[in-house]
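Only a predicted model underlies this, so the values are computations on that prediction, with no experimental measurement involved. Throughout, protein chains are lettered first and strands after them, A, B, ... in sequence-line order, and every chain is numbered starting at 1.
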Number of protein chains: 2
Amino acid sequence: MPVTLKDIARRVGKSVPTVSRALGNHADISPETRAEVQRVARELGYEPSAIALNLRRRRAGAVSLISPAHAQVRFSDPFFAEFLNGVVEAVAEQHIDLLVTAGAEEDVEALYLKQIRSRRTDGFIVVRTQRNDNRIHLLREQGVPFVAYGRTEENNDFCFVDEDGTAGIALVVDHLASLGHRRIAYISEPLFLTKAYHRMLGFRQGLERNHLSFHPELFVETHFRQRSGRQAAAYLLDLPQPPTAIVAANDLLALGAMHEAQSRGLTVGRDVSITGFDDIPLTEYVHPALTTVHLPAQEFGRRVAQMLLKLIDKAPLEERQFIYRPSLVVRGSSGPAPI
Amino acid sequence: MPVTLKDIARRVGKSVPTVSRALGNHADISPETRAEVQRVARELGYEPSAIALNLRRRRAGAVSLISPAHAQVRFSDPFFAEFLNGVVEAVAEQHIDLLVTAGAEEDVEALYLKQIRSRRTDGFIVVRTQRNDNRIHLLREQGVPFVAYGRTEENNDFCFVDEDGTAGIALVVDHLASLGHRRIAYISEPLFLTKAYHRMLGFRQGLERNHLSFHPELFVETHFRQRSGRQAAAYLLDLPQPPTAIVAANDLLALGAMHEAQSRGLTVGRDVSITGFDDIPLTEYVHPALTTVHLPAQEFGRRVAQMLLKLIDKAPLEERQFIYRPSLVVRGSSGPAPI
DNA sequence: AATATAAACTAAATCGATTTAGATGTCAAG
DNA sequence: CTTGACATCTAAATCGATTTAGTTTATATT
């Protein structure tokens with residue numbers, strides 16, 4: 001049986017409000033009573049009921065992160081896992097709970113609405129934003145605090161943390177072009193995701209500024225995982241005129257592509273160059289190590305969470321929006337174009 | 001402003017309890033009133049306050065998963081990420097919230113105690129059990145429902161899901177022995193973890209039943225991550241008489257070891273065999289693909305969560321304990337011993 | 001001595017639901 | 001015409017906290 005104020009009140013022979021005020025160090029309690037109450041509370045291991053408190057305060061004491069339905073990967077995406085690490089730590093520091101939920105395929109918005117109406121949560125962390133994102137429409141409409149990781153393509157007047165994916169991929173193309181590559185392929189994530197779209201733009205921008213033309217047959221839109229990367233690479237390497245370099249929109253796709261190239265006996269970094277994006281912890285430990293674009297995933301998680309907590313507390317926010325300019329990490333998977 | 005029973009009551013001109021009973025389909029409400037109340041509720045988008053309900057029911061409507069402090073990896077451990085996927089899905093199906101928290105380094109037990117006393121949670125999922133696990137002592141003492149992933153070394157009279165790591169690693173040793181390997185090294189996770197300990201036992205058992213002797217210099221106890229695997233492999237390969245096969249206690253360690261071997265110009269699977277454990281999604285996509293032991297991480301997560309939910313509901317449990325017998329997955333990273 | 005003031009406490013209301021016990025009105029049976 | 005049964009509803013209590021508005025008692029002031 002958990003200990004309540006009533007239990008303490010009974011023990012010290014005082015009323016419940018007195019006990020409450022004694023524990024809260026209010027002025028209208030005599031030093032003796034206060035000491036006695038606090039002693040008994042400690043002795044009984046009293047801890048206020050989070051639920052009762054939340055009812056009174058009309059807060060949930062929790063923030064919510066709903067993993068989107070379309071992400072078959074959910075937490076197994078290493079980038080997202082790192083991001084989650086950051087969120088969990090930032091939230092734990094403030095003694096707020098993190099509610100983690102999986103969105104059902106049908107309609108994630110119903111889930112958001114339910115959480116809002118049942119007042120389970122004080123705010124949301126929105127991940128994997130889409131170019132036209134109904135979740136964001138909804139949250140804005142409902143006036144619920146939220147911070148997104150990523151932007152949308154429309155009205156971006158909300159709090160978010162994002163990366164400049166366009167600049168990131170353009171750096172990759174620069175790098176490959178400087179190595180003499182002229183047939184560069186691109187493996188894209190689904191383009192309804194804002195970040196996939198931005199990265200794709202970076203690819204086109206990179207081609208352009210290096211005076212390379214865009215070959216539609218060298219552009220593949222696929223899913224998130226390694227399997228897709230492998231399949232896409234198989235298609236590309238089977239082309240009559242295969243690319244000498246493959247830019248993948250994320251590291252998992254790149255690893256899948258590398259696997260395909262290697263199982264064809266190609267040496268990655270020599271016969272074909274392959275690059276990724278995100279710099280997940282693994283990239284350093286595959287062979288050859290992956291040339292990629294670094295993102296501080298955990299820091300993104302921290303930032304998003306901290307912004308959200310401030311937003312909820314209506315504390316002043318130094319910055320409502322943050323766009324990280326990523327940097328290139330050159331490793332062994334990219335090398336000079338073969339002649 | 002969220003909609004409450006009071007709002008509905010005002011609208012239909014009835015008392016709050018009547019509204020409550022109408023929504024709950026109780027018998028003592030006239031069909032007309034019931035219909036009217038339900039109509040208005042729908043119209044206003046009424047959803048009961050989760051907090052008020054929980055206060056009344058004296059339940060939290062949530063279960064808790066606290067990532068242990070010693071796990072520097074937390075969610076970035078791909079096995080754990082998969083496990084979490086399973087948990088999240090099983091829990092979401094039952095409309096229960098999952099509270100994810102990070103344990104501070106100092107004392108995780110204090111965190112558990114706090115969550116128990118403040119009645120934030122109805123039960124716990126305990127991961128990365130230790131041979132002598134204070135969290136389990138505590139939960140048992142407090143009589144709080146919990147399910148562990150993994151056992152302890154003492155009294156195991158509680159609900160858990162586990163793998164038979166001993167059998168798993170022994171399979172690996174059998175496999176390597178059958179390929180002619182006689183100098184087999186082992187890279188272990190920290191041995192205070194039950195699962196690390198079990199796997200280590202499997203290594204010794206495997207050696208024994210293949211009539212191989214245990215060489216202390218071929219046994220390295222280290223941490224979880226790739227970096228440790230790499231360092232351990234460096235040490236092993238620098239030995240005057242290096243091993244021909246390296247058994248790593250998990251896939252990340254194995255990938256680290258592979259990286260070290262490859263950066264020395266060795267061909268993994270020919271010059272040296274390397275094996276892992278867990279069969280994380282990545283193992284299939286490195287080159288050569290990793291020989292490992294398969295564990296259905298996501299299913300483990302589901303099982304643990306489902307057990308916990310039943311335990312909380314005091315529903316009958318067909319089985320309180322489940323030990324999975326893992327199977328070997330042979331891929332390219334293991335091959336015949338060089339002569 | 002009467003009154004104002006301060007100290008230390010408590011009753012009652014509140015948050016948003018549910019449940020228990022009781023109230024009211026209608027109708028049929030005696 | 002009274003009584004009992006039934007249908008339908010509401011008042012009050014409860015979960016565990018906090019806050020507001022008093023209340024009581026002792027002390028200081030005039």
Side-chain angles (χ1 to χ4, degrees), chain A residues 1-38 40-41 44-62 95 97 114-122, chain B residues 1-38 40-41 44-62 95 97 114-122:
Chain A
M1 250 326 97
V3 183
T4 68
L5 284 188
K6 216 194 230 173
D7 300 322
I8 302 179
R10 209 169 3 233
R11 274 280 277 268
V12 301
K14 292 276 148 80
S15 74
V16 168
T18 299
V19 172
S20 169
R21 319 209 88 219
L23 290 173
N25 279 320
H26 286 243
D28 58 353
I29 302 294
S30 75
E32 302 80 49
T33 309
R34 177 180 332 209
E36 170 72 353
V37 165
Q38 298 190 342
V40 173
L44 297 181
Y46 170 76
E47 188 81 32
S49 153
I51 297 177
L53 270 179
N54 287 338
L55 178 60
R56 182 116 237 291
R57 293 187 187 145
R58 274 178 282 180
R59 301 196 305 97
H95 305 286
D97 292 329
K114 192 160 183 183
Q115 290 214 356
I116 295 169
R117 291 187 168 156
S118 65
R119 287 143 281 172
R120 239 169 249 285
T121 183
D122 296 322
Chain B
M1 248 331 95
V3 183
T4 68
L5 286 188
K6 217 195 230 170
D7 301 322
I8 302 179
R10 206 164 9 226
R11 275 278 278 264
V12 301
K14 294 274 146 82
S15 74
V16 167
T18 300
V19 172
S20 169
R21 318 209 89 218
L23 290 174
N25 280 321
H26 287 244
D28 59 353
I29 302 294
S30 74
E32 302 79 49
T33 310
R34 177 179 333 209
E36 168 72 353
V37 165
Q38 298 189 344
V40 173
L44 297 182
Y46 170 76
E47 187 80 32
S49 152
I51 296 177
L53 270 179
N54 287 338
L55 178 60
R56 183 114 236 290
R57 294 189 186 142
R58 274 179 282 181
R59 300 195 307 93
H95 304 285
D97 292 330
K114 190 158 184 184
Q115 289 213 356
I116 295 169
R117 291 188 168 154
S118 64
R119 288 144 280 171
R120 240 170 249 284
T121 184
D122 295 322

Keeping B:Ser118 on the side-chain end and B:Lys114 on the backbone end, is there a donor-acceptor pair under 3.5 Å?
yes
Under 4.0 Å between any heavy atoms, over every strand shown, what does A:Thr18 touch: base, sugar-phosphate, or nothing? Just pick one.
base
What is the 5' to 3' range of DNA chain C, first to last nucleotide, that sits under 4.0 Å from any heavy atom of chain B?
C:dC15 to C:dT20
Give B:Ile29 one of three labels, base, sugar-phosphate or nothing, depending on what nucleic acid heavy atoms sit under 4.0 Å from its own.
sugar-phosphate
Classify the nucleic acid contact of B:Pro17 as base, sugar-phosphate or nothing, counting any heavy atom under 4.0 Å across all strands shown.
base
Does B:Lys14 place a side-chain N or O at less than 4.0 Å from the phosphate oxygens OP1/OP2 of D:dC9?
yes
With sugar-phosphate meaning primed atoms plus P, OP1 and OP2, does B:Leu55 contact a base, only sugar-phosphate, or nothing at under 4.0 Å between heavy atoms?
base
Which part of the nucleic acid, if any, lies within reach of B:Arg56 when heavy atoms closer than 4.0 Å are counted: base, sugar-phosphate only, or nothing?
base
Just to verify, what does A:Glu36 make a salt bridge (Lys or Arg N to Asp or Glu O under 4.0 Å) with, not counting sequence neighbours?
A:Arg39
Could you walk me through whether A:Asn25 and A:Gln38 pass the side chain to side chain donor-acceptor pair (under 3.5 Å) test, one step at a time?
CA-CA 10 Å; A:Asn25 279 320; A:Gln38 298 190 342; 3.3 Å; yes
Starting at the 5' end of DNA chain D and moving along, which residue's nearest nucleotide shows up first, B:Arg58 or B:Arg34?
B:Arg34
B:Asp122 side-chain N/O to B:Gly61 backbone N/O, donor-acceptor pair under 3.5 Å:
yes
Quick check on DNA chain D: between A:Asp28 and B:Arg57, whose nearest nucleotide comes earlier from the 5' end?
B:Arg57
Is any side-chain heavy atom of B:Leu44 less than 4.5 Å from a side-chain heavy atom of B:Ile8?
yes
Please work out if A:Thr4 contacts a base, only the sugar-phosphate, or nothing of the nucleic acid, heavy-atom cut-off 4.0 Å.
sugar-phosphate
Test your reading of the model: is there a side-chain donor-acceptor pair from B:Arg119 to the backbone of B:Arg117, 3.5 Å cut-off?
yes
Which part of the nucleic acid, if any, lies within contact of A:Arg21, taking any heavy atom under 4.0 Å across all strands shown: a base, the sugar-phosphate backbone alone, or nothing?
base
